[in-house]
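Letters go in sequence order (proteins before strands), and every chain restarts at 1.
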Amino acid sequence: MLTLYTPDGSVLGHTDCFDPALTLDCGQAFRWTVNEDGCWRGIAFGRKLGIKVTDGGFVLFSESKDDFEKVWKRYFDFDRDYASLCKRFSEDDYLKSAIAMYSGIRVLRQEPWETLCSFIISQNNNIPRIKGIISRLCEGFGESLGGGDYAFPSAEDLARLDERELSPLRCGFRAKYIIDAAQKTASDEVRLDELEIMPIEEARAELMKIKGVGPKVAECTLLYGCGRAEAFPVDVWMKRVLDELYPKGLPACFDGYQGIAQQYLFHWRRNFPKS
DNA sequence: AACCAGGCGCATA
DNA sequence: TATGCGCATGGT
């Protein structure tokens with residue numbers, strides 16, 4: 001069990017199965033960076049956080065004392081019992097070996113709008129460039145948080161823009177998709193705040209009302225932005241995993257948590273590209 | 001210089 | 001329902 005500390009040594013809580021490097025740099029979030037001291041820094045829900053790995057746990061540098069309870073506990077899904085989830089997953093030998101290497105991955109519960117927008121940007125794109133575009137999006141249109149930091153811009157703010165005003169992002173054909181997503185979200189034509197509780201098929205259909213949102217972006221939004229652990233994004237890497245390891249379908253121990261299982265397998269397959 | 005990147009819309013059959 | 005192609009941009 002790992003302990004979460006404040007900078008002055010108070011105990012915030014406990015967790016297991018948490019490695020910031022694996023969790024924050026495994027392609028589910030795009031706004032975290034690590035400095036030369038190994039300290040992670042990021043912004044979510046308009047709040048800043050630093051994370052330093054120490055013996056037996058982590059120090060969380062938050063902006064205020066109650067940020068942990070209000071924001072970060074949920075963001076990192078610290079209430080979920082990953083140890084027993086992993087035990088259950090270990091019924092499957094492939095998943096077991098992926099978890100053996102990457103047990104520090106947690107699936108985040110990010111903001112739905114930020115997640116949706118980020119994965120629209122991710123399509124037919126690579127991670128360094130995705131990060132760059134999102135960084136320019138926040139700097140250009142997000143609220144300043146001081147110290148050169150910016151919140152992720154709201155759907156309402158982006159909905160007022162014309163597609164051409166996004167040209168500084170250099171996000172190419174995705175600009176019109178971002179605007180469409182912003183408008184449909186801001187007008188509540190797409191009800192992002194209900195995706196967490198909607199029947200999953202309905203939630204998928206709701207998201208795919210947006211231009212530029214297909215099955216992959218919808219699944220990523222549900223998994224990383226709505227806490228839907230049963231959402232199962234399939235990209236080229238996961239397609240390979242499915243073809244090579246699970247041609248007859250997923251084993252029963254995945255049920256209900258396919259998305260979390262997917263994250264281990266995705267990371268594992270991507271780090272060892274056999275072909 | 002082609003080819004690729006955590007896809008999707010659109011046309012075609 | 002199922003393929004195949006083009007798409008903006010930038011890095012190998």
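Across the P atoms, dG4(C) and dG6(B) are found 22 Å apart, a figure rounded to whole Å. Taking the P atoms as reference points, dA8(C) lies 15 Å from dA11(B), given to the whole Å.
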Legend entry - Check against side chain to side chain contact (heavy atoms under 4.5 Å, CB included), Y257(A) and F89(A): CA-CA 9 Å; Y257(A) 304 94; F89(A) 282 156; 3.7 Å; yes
Legend entry - Audit row: R270(A), D235(A), salt bridge (Lys or Arg N to Asp or Glu O under 4.0 Å) steps and yes/no: CA-CA 11 Å; R270(A) 217 172 89 90; D235(A) 71 330; over 6 Å; no
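Of the possible donor and acceptor atoms, none in the side chain of Q183(A) sits under 3.5 Å from a partner among the backbone N and O of D180(A). With D37(A) contributing its side chain and C39(A) its backbone, the two residues share no donor-acceptor pair below 3.5 Å.
Heavy atoms of F119(A) sit nowhere under 4.0 angstrom from any nucleic acid atom. Within the 4.0 angstrom heavy-atom criterion, no nucleotide atom of any strand lies near F30(A).
For the pair W32(A)/R41(A), no side-chain contact is recorded, criterion being any heavy-atom separation below 4.5 Å from C-beta on. Residues M238(A) and L265(A) form a side-chain contact, since some pair of their non-hydrogen atoms from C-beta on lies under 4.5 Å apart. At a threshold of 4.5 Å between non-hydrogen side-chain atoms, the residues R109(A) and K73(A) do not count as touching. Counting heavy atoms from C-beta on, the side chains of R191(A) and L195(A) never come closer than 4.5 Å.
Counting 5' to 3', DNA chain B first comes under 4.0 angstrom of a heavy atom of chain A and last does so at the ends given by dA5(B) to dG9(B).
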All N/O donor-acceptor pairs, side-chain side in residues 218-227 of chain A, below 3.5 Å, sequence neighbours left out:
unit_1	atom_1	unit_2	atom_2	d
E219(A)	OE1	R204(A)	NE	3.4
E219(A)	OE1	R204(A)	NH2	3.0
E219(A)	OE1	F232(A)	N	2.8
E219(A)	OE2	R204(A)	NE	2.5
T221(A)	OG1	V217(A)	O	2.8
Y224(A)	OH	Q263(A)	OE1	2.6

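With a 6.0 Å radius and a threshold of 12 heavy atoms from other residues, nucleotides or ligands, E194(A) has its CD atom above the threshold. Atom OH of Y246(A) sits in a crowded spot, with more than 12 heavy atoms from other residues, nucleotides or ligands closer than 6.0 Å.
Consecutive pairing runs in DNA chain C reach the stem threshold at B:2-5 with C:9-12, B:7-13 with C:1-7, where a stem means at least three Watson-Crick or G-U wobble pairs with distances under 3.5 Å.
Between the side chains of D19(A) and Y102(A), no donor N or O sits under 3.5 Å from an acceptor N or O. Residues D81(A) and S84(A) bring a donor and an acceptor atom of their side chains to less than 3.5 Å of each other.
Of the residues in residues 19-28 of chain A, none lies under 4.0 Å from DNA chain C by heavy-atom distance. Listed in residue order, the members of residues 202-223 of chain A having a heavy atom less than 4.0 Å from DNA chain B are I210(A), K211(A), G212(A), V213(A), G214(A), P215(A), K216(A), V217(A).
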Inset, instruction - Take nucleotides 6-12 of chain C nucleotide by nucleotide from the 5' end and write B, S or -, depending on whether a protein heavy atom sits under 4.0 Å from the base, only from the sugar-phosphate, or from neither. - result: -BBBS--
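Distance CZ/F61(A) to CG/L49(A): 9.5 Å, rounded to 0.5 Å. To the nearest 0.5 Å, the span separating OG1 on T115(A) from CD on Q28(A) amounts to 9.0 Å.
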